[in-house]
Engineer: 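Submitted below is the structure of interest, expressed as structure tokens.
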Amino acid sequence: ETGVTQTPRHLVMGMTNKKSLKCEQHLGHNAMYWYKQSAKKPLELMFVYNFKEQTENNSVPSRFSPECPNSSHLFLHLHTLQPEDSALYLCASSQERQGVGEQYFGPGTRLTVT
Amino acid sequence: GENVEQHPSTLSVQEGDSAVIKCTYSDSASNYFPWYKQELGKGPQLIIDIRSNVGEKKDQRIAVTLNKTAKHFSLHITETQPEDSAVYFCAASDSGGGADGLTFGKGTHLIIQP
């Protein structure tokens with residue numbers, strides 16, 4: 001493991017459900033990210049938090065709602081999702097938002113929307 | 001914005017042979033180029049990176065080359081082994097690897113044939 005954990009690892013939910021994905025990093029980093037990984041497509045950056053403040057929102061639909069209560073924890077709240085939202089959701093962290101380089105990824109949550 | 005193209009999408013090589021994966025980028029301001037390896041059921045892990053002030057970097061059997069003029073960079077794996085089988089992603093950044101700079105390629109599925 002890379003020091004970034006994600007729960008749950010697998011999630012199946014209906015379109016009317018509300019669920020949350022959790023990410024925790026044990027690396028003392030200050031920046032955390034949510035990515036969406038779909039088959040045959042590049043990783044898509046969804047949200048960025050730097051020192052607990054959201055700094056990026058790459059036109060993500062409002063049915064995805066992030067929360068960062070502290071620099072070690074990141075949540076992604078899900079509601080009224082669509083089948084096309086089925087994907088692997090990856091959390092990552094880095095020392096800072098700018099200029100350091102390496103992002104450490106968690107194992108991901110495999111989400112299936114039925 | 002940045003656009004990263006990665007080829008091939010699938011690469012099959014005999015164990016012991018070399019493998020080369022190529023990426024091109026569009027933004028001449030990009031200055032950081034990491035390569036990630038993703039094994040089944042895991043998140044991407046950084047294996048090597050290069051910054052725009054060098055043309056080549058090696059780490060044991062792995063090397064990365066960068067041609068800034070042509071805006072392309074490549075991953076070279078020599079003496080391939082079965083454990084090298086994975087999906088490899090290239091990325092480019094204009095902020096040293098910070099969150100809003102990492103644009104990923106679509107990935108290359110590397111298969112090592114015994």
Side-chain angles (χ1 to χ4, degrees), chain A residues 1-7 9-10 21 23 25 27 29-51 53-59 66 68 74 87-110, chain B residues 1-10 21 23-27 29-54 57 59 64 66 86-109:
Chain A
E1 293 291 353
T2 61
V4 179
T5 58
Q6 291 185 243
T7 54
R9 294 294 307 275
H10 300 272
L21 310 184
C23 175
Q25 58 96 0
L27 301 169
H29 289 165
N30 295 309
M32 297 186 76
Y33 321 88
W34 279 116
Y35 286 88
K36 177 183 178 182
Q37 187 175 34
S38 305
K40 308 295 184 182
K41 295 176 69 174
L43 274 75
E44 301 172 56
L45 179 64
M46 300 176 70
F47 299 104
V48 179
Y49 278 83
N50 194 43
F51 291 93
E53 292 189 6
Q54 183 175 321
T55 57
E56 291 288 331
N57 175 353
N58 291 335
S59 303
C68 188
L74 185 65
L88 181 69
Y89 288 85
L90 291 161
C91 173
S93 71
S94 68
Q95 184 64 38
E96 293 177 6
R97 175 171 170 250
Q98 295 275 356
V100 176
E102 182 169 3
Q103 292 186 22
Y104 292 80
F105 284 84
T109 295
R110 174 68 62 185
Chain B
E2 176 66 275
N3 182 50
V4 176
E5 298 286 339
Q6 183 172 349
H7 299 281
S9 56
T10 304
I21 303 171
C23 287
T24 60
Y25 61 98
S26 61
D27 187 352
S30 289
N31 57 17
Y32 175 68
F33 307 91
W35 285 89
Y36 283 83
K37 175 184 181 182
Q38 186 174 23
E39 298 178 39
L40 197 62
K42 298 183 179 180
Q45 286 191 295
L46 182 73
I47 55 171
I48 195 167
D49 57 12
I50 190 168
R51 297 185 185 270
S52 59
N53 57 346
V54 297
K57 184 177 178 180
D59 182 4
V64 57
L66 171 65
V87 180
Y88 291 80
F89 295 93
C90 63
S93 163
D94 64 355
S95 60
D100 54 9
L102 269 184
T103 301
F104 285 87
K106 291 185 179 182
T108 296
H109 186 192

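Numbers restart at 1 for each chain; the letters A, B, ... are given by sequence-line order, proteins then strands.
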Engineer: Which answer fits Q37(A), side chain, backbone, both or neither, if we ask what part of it has an atom under 4.5 Å from a heavy atom of chain B?
Structural biologist: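 Only the side chain of Q37(A) comes within 4.5 Å of chain B.
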Engineer: Which atoms of L90(A) are under 4.5 Å from chain B, going by heavy atoms: the side chain, the backbone, both sets, or neither?
Structural biologist: side chain
Engineer: Which region of Q6(B), side chain (C-beta onward) or backbone (N, CA, C, O), has a non-hydrogen atom less than 4.5 Å from a non-hydrogen atom of chain A, or is it both or neither?
Structural biologist: neither
Engineer: Spell out, as yes or no, whether a donor-acceptor pair under 3.5 Å connects the side chain of Q6(A) to the backbone of Y89(A).
Structural biologist: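 Side chain of Q6(A) to backbone of Y89(A): a pair is present.
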Engineer: Measure the acute angle between the ring planes of Y36(B) and F104(B), then classify it against the limits of 30° and 60° as parallel, tilted or perpendicular.
Structural biologist: tilted
Engineer: Which pair of heavy atoms, one from I50(B) and one from L66(B), lies closest together, and at what distance?
Structural biologist: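 Taking every non-hydrogen atom into account, CD1-CB, 4.0 Å.
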Engineer: Counting C-beta onward and ignoring hydrogens, is there a side-chain heavy-atom pair between P107(A) and R9(A) closer than 4.5 Å?
Structural biologist: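 They are in side-chain contact.
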